[in-house]
Amino acid sequence: MSSLSSPPYTGRFAPSPTGELHQGSLFTALASYLDARHCDGRWLVRMEDLDPPREQPGAASAILCALEAHQLYWDGEVMYQSQRLAAYSEALAQLTRAGHTYPCSCSRQRLKGLSAYDGHCRQHPPGNKTCALRLRIPAGEAGLEHYRDLWRGEQRQQLQTYPGDFVIKRKDGLYAYQLAVVVDDIAQGISHIIRGGDLLDSALRQRLLFRLLGANAPVMGHLPILVNGAGQKLSKQSFATPLDNKRAAANMEQALGQLGLPLPAELHGAPCDEQLQWASAHWRRARLPTAAHIQVGTA
Ligand code: GLU
Ligand code: ZN
């Protein structure tokens, strides 16, 4: 069957260099890689180095090293968000020209306890103070977003109710993750976003941004979150151990098992490239565990 009508598949892995990769990030990288390769798609890597205070020196190169050690080779050049400020500024100008932004000077103190932004600075323009910029969520139907997630099913939210007008440029002058990620997904022609379940909460507001920037939102799939024995998400904050590149094949075998693709006995102990070849052919979205959380290990 011809696939002329559907756009070519382009997926991506978009780590933030706040620390080294751990088993949870390998799980995410691998799922996006396999979904792309199974669909004969491209797989890109984007380094989300947008927030210098949160970054760890050397983490970006350590992440790329770990991907290579696991033979997760990406297509094209790595994109660095730190090099993309002009594009973010242009997108922001476009939104502002269309009346979709406004300045907000609300203090952390004022925002504390609000589950959704209450639109205070829409009514009370802050004047010349140092401000963040918020996206003005369109009223009524236009502020309602919905899509069917590959694993989490139908997602629907009136964005004025939650999260309310959200920040797209921070008070400290940094572009917000929500804006940068959408501008880059558009620029890179991303057709499929496969990523960690912790970002499900961002999906609908990002889809609104795609729309306001005149682009089609990609297909989205949010994976289960790997948690430790104490129920905490594996992350640098929960002291997840960095991947040991010398154990790449074993790490990958473990991640495949977590993705519902246990290696057949004859591939046990096989190098990463052989595992990847087998897994790309056998990847089925429906095999992924449907739980929102998967517990791994005990610590
Ligand atoms: N940089 C984000 C993170 O590491 C991921 C962004 C995304 O996949 O949209 O959590
Ligand atoms: Zn405000």
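When a ligand or atom number is given, it counts from 1 through the structure's own listing order.
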For Asp49, is there an ion pair with Arg84 - N to carboxylate O distance below 4.0 angstrom? no
What protein heavy atom is closest to atom 10 (O) of ligand 1, reported as residue, atom name and distance in Å? Leu199 CD1, 4.1 Å
Search all heavy atoms of Arg287 against all heavy atoms of His282 and return the closest pair with its distance. NH1-O, 3.8 Å
Looking only at heavy atoms, what is the nearest atom pair of Cys104 and Tyr117, with distance? SG-OH, 3.6 Å
How are the rings of Phe13 and Trp43 set to each other: parallel, tilted or perpendicular (split at 30° and 60°)? parallel
Using only atom types and a distance under 3.5 Å, with no angle test, would you say the side chain of Gln275 pairs donor to acceptor with the backbone of Glu253? yes
If you count the atoms of ligand 1 from 1 in the order shown, which ones are under 4.0 Å from a heavy atom of Arg195? 7 (C), 8 (O), 9 (O)
Any donor-acceptor pair under 3.5 Å linking the side chain of Asp149 with the backbone of His222? yes
Do the side chains of Glu48 and Arg195 get close enough for a salt bridge, i.e. N-O under 4.0 angstrom? no
Gln206: heavy atom below 4.0 Å from ligand 1, yes or no? no
protein heavy-atom neighbour closest to atom 1 (N) of ligand 1 works out as Glu48 OE1, 2.6 Å
Which ligand 1 atoms, with their elements, are less than 4.0 angstrom from a heavy-atom of Ser16? 1 (N), 2 (C), 3 (C), 4 (O)
Look at Glu145 together with Arg211 and state whether they make a salt bridge at an N to O cut-off of under 4.0 Å. yes
Provide the tally of protein N/O/S atoms nearer than 2.8 Å to the Zn ion (ligand 2). 4
Any non-hydrogen atom of Phe13 lying under 4.0 Å from ligand 1? no
Ion pair check, Asp51 and Arg170, cut-off under 4.0 Å: yes
List every atom of ligand 1 that sits less than 4.0 Å from any heavy atom of Arg12, numbering the atoms from 1 in the order shown and giving each element. 7 (C), 8 (O), 9 (O)
No-hydrogen, no-angle side-chain donor-acceptor test under 3.5 Å, Gln232 and Asn228: yes
Atoms of ligand 1, numbered as shown, that sit under 4.0 Å from any heavy atom of Val181: 9 (O)
Nearest protein heavy atom with distance in Å, relative to atom 5 (C) of ligand 1: Ala14 O, 3.3 Å
